[in-house]
Number of protein chains: 2
Amino acid sequence: MANLMHNLNIQIEIDSELYSKNPDSSALGRKIINNSIELIYEIGFDAFTFKKLGTLISSPESSIYRYFDNKHSLLLYLTSWYWTWTEYQLAFVTTNIVSPQERLKRSIKMLTKSVVEDTAVSFVNEVLLSEIIFSESIKAYHTKSVDEENKKGCFRAYKRVVQRVSDNVLEINPEFLYPHMLVSTVIEGSHHQKYFSEHLPALTDVKKNDNSITNFYTEMVFNFLEK
Amino acid sequence: MANLMHNLNIQIEIDSELYSKNPDSSALGRKIINNSIELIYEIGFDAFTFKKLGTLISSPESSIYRYFDNKHSLLLYLTSWYWTWTEYQLAFVTTNIVSPQERLKRSIKMLTKSVVEDTAVSFVNEVLLSEIIFSESIKAYHTKSVDEENKKGCFRAYKRVVQRVSDNVLEINPEFLYPHMLVSTVIEGSHHQKYFSEHLPALTDVKKNDNSITNFYTEMVFNFLEK
DNA sequence: GCATAAGCGATAGTATTACTATTATAATTG
DNA sequence: CAATTATAATAGTAATACTATCGCTTATGC
């Protein structure tokens, strides 16, 4: 699939509560973002430290701390970036499609598949970022500070994505009681299933790299909505 | 619901790869387990340390290290205990029920609701433990060491639960392609939805403490199987 | 019932992590 | 070109996640 966003020069703007200093405002900031994505992808978020990142980019830890309070804040930034980018992608994939069923089908596909092509939006490698989101993003909101961060608006982008797809669900079945539950189940579920397929295959039925995750959630949703 | 397991004096046996020294074999070991459950429940797994636990039970850290290599191992033990206990519960809830639909319905209910009554099996507070599982258990398998621990068998109990319910699914629809995906989606999904309802309500449709999570997943499963 | 071993508490110590602070130099901006 | 701001270099601290030692106590085995 040719990606329409390619070379469109779209700017992903991230709210200021998600950083101390905007990483998009300097060369060092952009270096922090794209190298952190590679490093987290490589060694996992738990083993990731600002010290290691500093070594990788040949800058002292203290410089990184000017952009983000700690590695958790950085993860919040990355997830927010991802969901903002996903929102654009969803808009592109569904625009000009008349049938709400077809739109939902395309949205589910986009949400349940990991990204395989770098759209080269901004300075971010979206292929690696999507891998990080799939496997580490729960760690962004499964903390004791969720409520506080939620109040500050750190999860706005994710919520907008869920809301957008929920609206699509209600177009198809306006009586449906659980649009948000359904959508968040699909998103989180597909992340889990991919992880299971790679690490705990007894918990899933995926043959690596087939389309069963997308097929499963697509069928699940439409059976539920059109019973 | 009167709980049949109450006062049955059932022993939950945990495989030896899940501890260095069996906590069930000494008073200190049992103290470690039930106090760790309370402490993790209170301050969350991330803030939990062996030092704090040691202070709570008036024992040095080093004594706790004799039972578990680190706090991650302890969490693995607790999750394994929980799934072993859940397996027994599932057996009880479904035994003597002829209809596979009714058995599945009861299993889903048991898997999607957090425990409200302590069955007083062994030395463990199952109400608090189930809260920990719902909110922290992803952290037990979302690590770089999953594969190694999986090989050792640390997730056997969880897999048995998924397998048991999957078999029930196949009884109802032997052609169904994704029994494990369906069951693990229900389990992980209900955990997420409960968490969302408490912290990120925009991602769900739950009114606190209603039965919507159980209703949602029950409907979802049966619509999918009986389309 | 006595010897042996195992379990535990008390204490000390180390490497790593997650920061904070200070200052000099380099780059930007007005 | 002056003023501001960003960065690098360095140092330092408190907490975490352990490991090691040792002496006392309590089981267990004969």
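Every heavy atom of this structure was used, including side-chain atoms; hydrogens, water molecules and symmetry mates were not.
- Taking the side-chain contact (heavy atoms from CB on, under 4.5 Å) definition, one finds that B/S114 meets it with B/S130, B/E131, B/F134, B/K194, sequence neighbours left out.
- Classification of the A/Y82-A/W85 ring pair by plane angle, with boundaries at 30° and 60°, yields tilted.
- Between the side chain of B/N34 and the backbone N or O of B/V124, no donor-acceptor pair lies under 3.5 Å.
- Partners of A/E188 by salt bridge (Lys or Arg N to Asp or Glu O under 4.0 Å), not counting sequence neighbours: none found.
- Without hydrogens or angle criteria, B/S190 side chain to B/V186 main chain gives a donor-acceptor distance under 3.5 Å.
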>> For nucleotides 7-26 of chain C, give me one character per nucleotide, 5' to 3': B if any protein heavy atom sits under 4.0 Å from the base, S if the only such contacts are to the sugar-phosphate, - if neither.
In response: SBBBB------SBBB-----
